[in-house]
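First up is the structure itself, then whatever we jot down about it.
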2 protein chains.
Amino acid sequence: MSDPGATQSAVQPPLGAISNLPLGERIAGQVREMILNGDLEPGAALVEIALASSLGVSRAPVREALRILSHDGLVETVPYRGTTVRGLSRRDVEGLREIRTLHEGFAIHRIVRAGRHTDLGDLSALCDEMDRIAPSGDLRALNLVDERFHRSLIERAEHDLLTSFWRTIAMQVRQVMALRNRRIADAGIIAANHRRILEAVVAGDADGAALLLEEHVADDPGTVLASWSDGDTA
Amino acid sequence: MSDPGATQSAVQPPLGAISNLPLGERIAGQVREMILNGDLEPGAALVEIALASSLGVSRAPVREALRILSHDGLVETVPYRGTTVRGLSRRDVEGLREIRTLHEGFAIHRIVRAGRHTDLGDLSALCDEMDRIAPSGDLRALNLVDERFHRSLIERAEHDLLTSFWRTIAMQVRQVMALRNRRIADAGIIAANHRRILEAVVAGDADGAALLLEEHVADDPGTVLASWSDGDTA
DNA sequence: TAGTGTTACATTGTCGACAATCGATTGTTG
DNA sequence: CAACAATCGATTGTCGACAATGTAACACTA
């Protein structure tokens with residue numbers, strides 16, 4: 001469940017990507033991207049047989065895919081009733097911000113306490129990458145690096161359960177980002193925020209870093225709840 | 001996912017238990033109890049066809065059950081290789097204690113911040129029940145009430161994601177309790193601990209309550225790691 | 001004998017068909 | 001017309017059989 005080797009930048013296997021993964025996981029990935037890109041709106045019904053015929057497979061792997069997505073918190077399944085794309089209420093978004101802050105703060109404290117805060121070169125490299133991207137204003141690319149930054153931070157805590165929980169959190173953060181009408185926060189500010197957080201961690205100031213992170217997250221497009229359409233009560 | 005109505009004491013439906021639930025969930029519950037009771041040791045292979053014939057059903061619901069247990073963190077599945085009962089390393093147990101403390105502390109702070117700490121009658125009732133059970137030394141019964149106490153505390157925070165995470169945490173705590181050779185901590189002390197925590201919460205002293213809780217958890221049979229057989233590296 | 005290719009077996013992955021369940025619709029009755 | 005019961009359609013739940021995959025044992029070659 002921990003996904004070793006993911007600390008490297010490459011998400012795809014370097015070789016030919018033969019992808020002998022079970023169909024279910026590939027389908028899950030495909031549908032997940034649809035949800036996270038906003039192609040599937042909250043409340044949309046995911047009918048097994050429809051997905052199956054649409055993808056040219058049987059229902060079995062589709063069922064498995066839907067269960068994976070349910071684990072990710074992206075869909076909701078009611079026995080004998082069906083599966084729908086999960087909607088996020090304003091309360092969910094706020095709760096997501098809180099729980100995210102909690103976990104990242106814990107990760108920071110744990111890293112510092114273990115004395116691992118001096119070797120964070122890859123995080124620094126990600127900050128550099130943000131600085132490179134920021135001027136272009138390409139928020140999509142910036143979000144991708146942002147996600148890697150926070151994931152790396154979590155993984156540096158070397159806490160399996162924490163990493164496992166973070167997977168769910170990051171997923172829902174991405175969903176919120178996909179759904180909300182992007183408030184174009186200044187890309188430069190985002191990049192600078194990460195740099196400051198990282199510097200505080202490296203300096204061993206866990207409390208300060210956690211505070212900076214809390215402020216950053218409050219402004220993050222993924223968790224900010226200004227202008228959140230409160231239509232879906234989920 | 002939130003499990004409404006579970007605040008009541010009854011876990012089983014009061015009537016004849018016609019069990020309208022899908023087979024998969026019932027099987028998951030059955031196997032879960034086996035794991036949590038220690039009948040299935042870590043590393044034990046859960047072969048689908050064997051379980052299926054053993055239970056007189058087909059493989060489909062068994063697969064679903066294994067998926068649920070995987071979600072709970074009780075088993076590990078490797079594609080094309082099989083599913084095994086998850087083993088807990090000493091590191092896992094320690095991490096479990098940390099993450100548990102983190103979440104319960106968060107719940108306490110959230111309850112107090114929302115001003116809901118004045119109405120905790122059911123928690124008080126659970127403390128009373130502990131006091132009643134403690135003299136008998138029935139640790140099994142005490143653990144059951146203990147679990148309800150902490151679950152109620154979490155639910156009082158009214159945070160869906162937190163509640164969802166707690167489900168996984170509580171499950172693994174139970175597994176640890178099942179596996180370790182029970183160090184018979186004095187039942188009376190456990191009961192008193194909970195009372196003190198509750199009183200601090202009611203008094204609005206979130207920090208104090210969280211501290212008491214951390215001390216209590218450090219002594220809790222479910223998370224203490226003294227005498228943990230470090231054989232399984234999971 | 002070290003190393004490689006091959007075969008056999010156990011287990012999971014996938015498929016298509018049938019059964020069970022739920023909500024809505026329709027029909028019935030006072 | 002209101003309330004209740006039967007029916008229908010859509011969807012998921014379950015089943016048994018077959019295909020794909022991975023491990024381990026075995027034979028083969030240099």
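Quick note on labels: first sequence line is chain A, next is B, and so on, each numbered from 1. These figures come from a predicted structure and were not determined experimentally.
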note: B:Arg26, atom CZ; C:dA20, atom P; distance rounded to Å ~ 13 Å
Using atom OH of B:Tyr80 as one end and atom P of C:dG13 as the other, report the distance to the nearest whole Å. 7 Å
What is the separation between atom CD on B:Glu48 and atom C1' on D:dT14, rounded to the nearest whole Å? 14 Å
Could you state the atom-to-atom distance from CD1 of B:Ile49 to C1' of D:dC18 in whole Å? 13 Å
Quick check for you: to the nearest 0.5 Å, what is the distance between A:Glu98 atom CD and B:His109 atom NE2? 12.5 Å
What are the residues of residues 52-64 of chain A, sorted by number, that bring a heavy atom to within less than 4.0 Å of DNA chain C? A:Val57, A:Ser58, A:Arg59, A:Ala60, A:Pro61
Report the distance from atom CG of A:Leu51 to atom P of C:dT14, rounded to the nearest whole Å. 15 Å
Value rounded to 0.5 Å, distance of CG in B:Leu21 from CZ in B:Arg26: 7.0 Å
Exercise: identify the closest heavy-atom pair between A:Ile154 and A:Ala107: CD1-CB, 3.9 Å
Atom pair distance, as rounded to whole Å: CG in A:Leu46 and C1' in D:dA10: 16 Å
From CD1 of A:Ile68 across to C1' of C:dG13 the rounded distance in Å is 12 Å
In whole angstrom, give the distance that lies between atom CG of A:Leu21 and atom P of D:dA20. 17 Å
